[in-house]
2 protein chains.
Amino acid sequence: MSQTASIKDVATHAQVAVGTVSNVLNYPDRVSQRTKERVLKSIAELGFVRNDAARQLRAGQSRTIGLIVLDVGNPFFSSVARAAEDAAAALGSVVLVGDSGQDSSREAHYMDLFQEQRVQGLLISPVGDVSGRIDTLRERGVPTVLVDELADTDRCSSVSVDDQEGGYLAAKHLLDTGRRRLAFVGTPSIRQVASRLKGAQRAVGEVTGASIEVLDSAGQTVLAGRQVGNKLVERSPEKRPEAVFCSNDLLALGVMQSLTMLRTVRIPEDIALIGYDDIDFAISAVVPLSSIRQPTEALGRTAIELLAEEQESGGTKHRAVVFTPELVVRQSTAGA
Amino acid sequence: MSQTASIKDVATHAQVAVGTVSNVLNYPDRVSQRTKERVLKSIAELGFVRNDAARQLRAGQSRTIGLIVLDVGNPFFSSVARAAEDAAAALGSVVLVGDSGQDSSREAHYMDLFQEQRVQGLLISPVGDVSGRIDTLRERGVPTVLVDELADTDRCSSVSVDDQEGGYLAAKHLLDTGRRRLAFVGTPSIRQVASRLKGAQRAVGEVTGASIEVLDSAGQTVLAGRQVGNKLVERSPEKRPEAVFCSNDLLALGVMQSLTMLRTVRIPEDIALIGYDDIDFAISAVVPLSSIRQPTEALGRTAIELLAEEQESGGTKHRAVVFTPELVVRQSTAGA
DNA sequence: ACTCGTCTTTGAATCGTTTCATTTGTTACG
DNA sequence: CGTAACAAATGAAACGATTCAAAGACGAGT
């Protein structure tokens, strides 16, 4: 029946003032045991549920945090989101997730939406350059934290992963296990990929007699990896690299398929292989794939922490936290 | 500066009444060109953003729809969510996604949250039995649509996929291509898996001389599939099935790894293989994997449509829409 | 009996929007 | 010139919660 009972209905039913009902809900200690029981009973009987819109209106702020990611289907982002949700829950807040799908109009749409919702703050993996919009948000009192993107600390905080270090770790591992002629597979036109390559080149530069060739792939997919892998198989054995570092796991899995398909190349004996991201499939590949793992839980958790810091400082103090990725060694790079 | 300008500030700045500003926003036709321009200019200058809490409070309902899924990381659900978001956007609504992670306390948490938000309606893939809670919601005017679960149409609407038909399609395809001794790999303790098996058995029953053996797997992962695959390889060739139907693609990929690893078995010549779900990896497997595709876009879109129907009928009319999955033929089941 | 302090309860004011009955302004027509 | 018809603008009331100054209740101490 009751479309929805209001606090006033509860007050009438329990024969108390509206303020008392509110106190039962928000400051139970201020209310005597007797009346508290009576009010709670009325709440149960009427099926009262707090109207969050009214509460927010009065409070001037919501208990909500907006998160805009490039792709919820991507395990990296869904993991970050999950961690952020948990961290926010501990603070009594809720995370609303928006998926921009790499589309800046969708991104703008969610930014507007979250502003109308008066979110406490915004976590965002920006599609393009959003520094202007972020300045506007800050002026309006909405702190923002960039996710997976390094921020200018004059403007806002950020959490990101050191891609160059990840590339360094991968290449160093290959070198440490005795390989000297390396190959890098990926699309360096993407910023993150370029950093990973740069790190790899740094590691190679530290070892005399080591070299790395760059094989540009057509995309970041399994199929693109397979194409590159086929080219490698066609080469005469002495021209093949001793180790291949792929800028993501999908590429690596594609390369692995090509190399193992014809049985002429053994992994890791003839060619070692390492990927990036440590997706679920990496461990269950034909040859379990070594990879670089990004600390997604820490990213999500820290993003929420930085947001809290921003709120406390009134949006004046910014911090850029950079995480170091982690090397995960599996069979595909086992000792030469 | 402006923490946030209200409609009253805009009215003062533009020298009009608050009602006029509201009309500019909601009924532009009621306002003369001249004042409209003046008001819009003030809105821009003050950086006014509508406060959604106040709007909702007045309206008594939000423009928000709640969606609770079992796992956002699962491509099935992220695809359904995406489709629902798009369909809702066309109606001017927004979808809030909650991830229960198969945990009924998290599920309950989101149900409470969405109720406080006064969502227009709820789409849910329930963890356990939620019929009681759904009854309560209906009484309170929150229509609910079950997703990926068949509903009792006396209580609420639902969108689901006919798993038995999916199993039938898969087995029939294997039979149509000449295979007679089939095997089913999966964990029939899961409801959906049991239905798929039942459908497969129905198809086998229609063909004389055909048989299907059930291989219970330890889970639904690639590794579980590999274990089953290894057992198959150990058998003498004449005892191996001619075709294997796995209750999901991960299992199928695991089986594929085992079978192709030792090169004693060829896919599809010696053993045909088909999975279920048609995940992205299916097409880029070593041997592209045939599979059963679930119409996730249609599920999401229809869920929103049914919700709209519920709203129009005041929550009295319920409908259960069951979709038929689709067979996707690839190389792994190519003609014998 | 009176005062003081503590604990509990009260209820009006407030948040920012939308709505709608009224008022004000303008044009057309007899 | 009067008035009917219509368009545009007004501003108070309402939505449902929280807050807070003030009032009320009660017991202890003198």
Side-chain angles (χ1 to χ4, degrees), chain A residues 2-40 42-43 46-64 92 113 115-120 140-141, chain B residues 2-40 42-43 46-64 92 112-113 115-119 140-141:
Chain A
S2 57
Q3 265 304 62
T4 27
S6 78
I7 213 174
K8 206 182 274 178
D9 300 325
V10 175
T12 308
H13 188 270
Q15 309 206 50
V16 294
V18 289
T20 304
V21 179
S22 176
N23 282 333
V24 170
L25 260 29
N26 301 297
Y27 308 94
D29 294 345
R30 291 188 193 163
V31 184
S32 73
Q33 192 61 27
R34 260 175 48 84
T35 41
K36 202 185 322 189
E37 277 168 14
R38 200 143 40 88
V39 170
L40 289 175
S42 296
I43 286 179
L46 298 178
F48 165 78
V49 177
R50 204 205 249 103
N51 183 326
D52 200 53
R55 186 229 278 266
Q56 273 186 215
L57 175 56
R58 184 61 235 249
Q61 229 208 183
S62 69
R63 302 179 343 279
T64 292
L113 182 72
Q115 238 180 111
E116 289 193 2
Q117 307 259 24
R118 296 292 189 273
V119 292
Q120 294 178 313
R140 296 196 184 144
Chain B
S2 55
Q3 264 305 64
T4 25
S6 78
I7 214 175
K8 206 182 275 177
D9 300 324
V10 175
T12 308
H13 188 271
Q15 308 205 52
V16 295
V18 290
T20 304
V21 178
S22 176
N23 281 333
V24 170
L25 260 29
N26 302 297
Y27 307 94
D29 295 345
R30 291 189 192 163
V31 183
S32 73
Q33 190 62 27
R34 259 173 48 84
T35 43
K36 203 184 324 190
E37 279 168 13
R38 199 145 40 89
V39 170
L40 289 175
S42 296
I43 287 179
L46 298 179
F48 165 79
V49 176
R50 207 204 247 103
N51 183 326
D52 199 52
R55 185 230 277 267
Q56 274 185 215
L57 174 58
R58 181 63 234 243
Q61 228 209 183
S62 70
R63 304 181 338 278
T64 292
D112 291 341
L113 182 72
Q115 238 180 110
E116 289 193 3
Q117 306 260 22
R118 297 290 190 273
V119 293
R140 297 200 183 139

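Every chain is numbered from 1 and lettered A, B, ... according to where its sequence line falls, protein lines coming before strand lines.
With sequence neighbours excluded, no residue forms a side chain to side chain donor-acceptor pair (under 3.5 Å) with A:Thr12.
Note that CG of B:Leu46 is 6.0 Å distant from OG of B:Ser42, once rounded to the nearest 0.5 Å. Interatomic distance, A:Arg58 CZ to B:Leu57 CG, rounded to the nearest 0.5 Å: 12.5 Å. Annotation: the span from A:Gln56 atom CD to B:Asp52 atom CG amounts to 8.0 Å, rounded to 0.5 Å. Here the straight-line distance linking atom CZ of A:Phe48 with atom CD1 of A:Ile7 works out to 5.0 Å at 0.5 Å rounding. Summarising the geometry, atom CZ belonging to B:Arg50 is positioned 5.5 Å from atom CD belonging to A:Glu116; distances are rounded to the nearest 0.5 Å.
Residue B:Gln15 contributes atom CD, which lies 12 Å from atom P of D:dG11 at whole-angstrom precision. Residue A:Asp29 contributes atom CG, which lies 13 Å from atom P of C:dT9 at whole-angstrom precision. When rounded to the nearest whole Å, the span between CD of B:Gln56 and C1' of C:dC15 equals 14 Å. Distance CG (B:Leu57) to P (D:dA13): 17 Å, rounded to an integer number of Å. If you take CD of B:Gln117 and P of D:dG16, they are 16 Å apart, rounded to a whole angstrom.
With a 4.5 Å cut-off on side-chain heavy atoms, A:Val49 and B:Arg118 count as touching.
The C1' atoms of five pairs define one axis at each end of the helix from C:dA1-D:dT30 to C:dG30-D:dC1, and these two axes lie 60° apart (to 10°).
Between A:Thr35 and C:dT9 there is a side-chain N or O to OP1 or OP2 distance below 4.0 Å.
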How does protein contact run along nucleotides 17-24 of chain C, one letter per nucleotide 5' to 3', with B for base contact, S for sugar-phosphate only, - for none, heavy atoms under 4.0 Å?
BBB-----

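Within 4.0 Å (heavy atoms only), B:Thr20 reaches at least one base atom of the nucleic acid.
Counting non-hydrogen atoms of neighbouring residues, nucleotides and ligands closer than 6.0 angstrom, the CD atom of A:Gln15 reaches no more than 12 such neighbours.
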